[in-house]
Amino acid sequence: MKQATCKVCSAPLSPHAGECRQCGTVYDEASRCPHCRALAGTEIRGDRYVCRICGGPRVPAFDRRVQRRGAERPALEQAQRARRSARRRGALAVLTGASALLSALVAGALGWLDVSLASASWVASAVWFMAMLLAWVGARRARTASSVAEERAWTAVAGEAVNSFPAVTERNVGELLGVPPSRAEQLLTQLVREDQVESEIDDHARVVYRRPRIQAETLKLRIGEDDLSLSSEEASEREEEVKTEQRSRV
């Protein structure tokens, strides 16, 4: 069987590839950017995956077998807004810091000439300095909010990867998402803590993850002429009420 290759860079591709990891050519609708809406690949900047077109945070769609339902989009959009806010506040912190420094230099220069002007310059310098601190704190909080939102997006996609297969390991998820196994294990551990996936040891002594086995049992009770579909707990309570009512009649 002939090896599949990228139609742009001729790099070897998996039959299930949704995006070329070398040049970013996309082969699946899941690669549409939630920010600029372009059907574009991703690239690594620093330690983050971003859109090749607009630079917004992304979770790459390397494998079409992962059934992506867009659960990560709200978190990615929130991360992008927070990152833009962080940049604006960072720029404001630089501007107000420069103003504080300039006011301090003016105060030092005027101290030899006019005490009142020097005092006013020192007050202005203090005001600019406080504004710089507020802007810096706001930028730091916005960056933290962006990181938290991106983490939620990655966790959501990791959950979709688990749900797309009967069982997976952290190495499988790492290959599907394009991250190291240690990073995949971190995401899977968070999903286990949130009760979104289950973990167990298989026959090969590996930790495997799968979607939760939810067995919702219902109990049908016929009371008079009405059929009621109740949960087990509600049915038990209702049954006790009926028995109590019957005993009271006796």
Side-chain angles (χ1 to χ4, degrees), residues 6 9 11 13-14 17-28 30-66 68 70-94 135-162 164 168-194 196-197 207 209:
C6 176
C9 68
L13 288 179
S14 162
E19 175 183 337
C20 176
R21 305 193 185 205
Q22 181 167 312
C23 69
T25 302
V26 298
Y27 300 91
D28 189 64
S31 294
R32 188 170 296 280
C33 177
H35 312 295
C36 65
R37 305 306 301 167
L39 195 60
T42 58
E43 62 182 3
I44 298 178
R45 293 183 187 174
D47 58 349
R48 304 165 54 244
Y49 277 101
V50 299
C51 175
R52 288 178 179 266
I53 302 298
C54 68
R58 292 271 301 277
V59 180
F62 287 136
D63 199 306
R64 286 178 289 179
R65 290 175 295 177
V66 178
R68 300 281 288 267
E72 79 283 2
R73 290 176 185 171
L76 289 176
E77 291 170 356
Q78 181 181 356
Q80 178 72 333
R81 290 194 297 269
R83 190 161 292 276
R84 288 173 177 170
S85 176
R87 287 197 293 264
R88 290 194 298 268
R89 293 173 184 271
L92 182 60
V94 172
W136 181 80
V137 170
R140 185 173 181 178
R141 288 179 178 175
R143 284 193 294 270
T144 301
S146 177
S147 298
V148 170
E150 282 192 56
E151 187 69 11
R152 287 203 311 271
W154 278 89
T155 303
V157 177
E160 292 176 335
V162 174
S164 300
V168 294
T169 65
E170 66 272 7
R171 186 173 298 277
N172 298 144
V173 174
E175 293 174 352
L176 292 169
L177 302 185
V179 297
S182 58
R183 170 62 171 151
E185 183 179 8
Q186 179 184 3
L187 295 170
L188 291 168
T189 300
Q190 182 62 31
L191 288 170
V192 171
R193 289 175 179 171
E194 297 174 357
Q196 297 187 41
V197 303
V207 180
Y209 303 84

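Quick note: numbers below take in every heavy atom, side chains included, and nothing from hydrogens, waters or symmetry partners. Along the sequence shown, residues carry numbers from 1. Computed from a prediction, not measured in an experiment: that's the story for all the values here.
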Which pairs count as side-chain hydrogen bond (donor to acceptor under 3.5 Å, both in side chains) when at least one residue sits in residues 47-58, sequence neighbours excluded?
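Sorted result for residues 47-58: Arg48-Glu150.
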4.5 Å side-chain heavy-atom contact, [X] and [Y]:
X: Glu19; Y: Asp28; answer: no
X: Gln190; Y: Gln186; answer: no
X: Tyr209; Y: Val173; answer: no
X: Leu177; Y: Leu187; answer: yes

Quick check: closest heavy atoms across [X] and [Y], and the distance to 0.1 Å?
X: Glu160; Y: Gly70; answer: OE2-N, 3.8 Å
X: Leu176; Y: Phe62; answer: O-CB, 3.7 Å
X: Trp154; Y: Pro60; answer: CH2-CD, 3.6 Å
X: Pro57; Y: Ala79; answer: CG-CB, 4.1 Å
X: Thr169; Y: Asn172; answer: N-OD1, 2.9 Å
X: Val26; Y: Ser31; answer: CG1-CB, 3.5 Å

Going from [atom1] on [X] to [atom2] on [Y], what distance comes out if it is rounded to the nearest 0.5 angstrom?
X: Ser164; Y: Arg68; atom1: OG; atom2: CZ; answer: 9.5 Å
X: Thr25; Y: Leu39; atom1: OG1; atom2: CG; answer: 10.5 Å
X: Glu77; Y: Arg73; atom1: CD; atom2: CZ; answer: 8.5 Å
X: Cys20; Y: Tyr27; atom1: SG; atom2: OH; answer: 6.0 Å

Please confirm whether the backbone N or O of Arg37 pairs with a side-chain atom of Arg32, one donor and one acceptor, at under 3.5 Å?
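Answer holds: yes.
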Above 12 or not: heavy atoms from other molecules or residues under 6.0 Å from CZ of Arg171?
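Atom CZ in Arg171 is not crowded, with 12 or fewer foreign heavy atoms closer than 6.0 Å.
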Should we say atom CZ of Arg65 is surrounded by more than 12 heavy atoms from elsewhere, each under 6.0 Å from it?
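Yes, the 6.0 Å shell around CZ holds more than 12 heavy atoms from other groups.
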Would Gln78 and Arg81 count as a side-chain contact (heavy atoms from CB on, under 4.5 Å) here? Give the steps.
CA-CA 5 Å; Gln78 181 181 356; Arg81 290 194 297 269; 3.8 Å; yes
Suppose the criterion is salt bridge (charged side-chain N to carboxylate O under 4.0 Å, His left out): which pairs have a residue in residues 174-194, not counting sequence neighbours?
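Listed by first then second residue: Glu151-Arg183.
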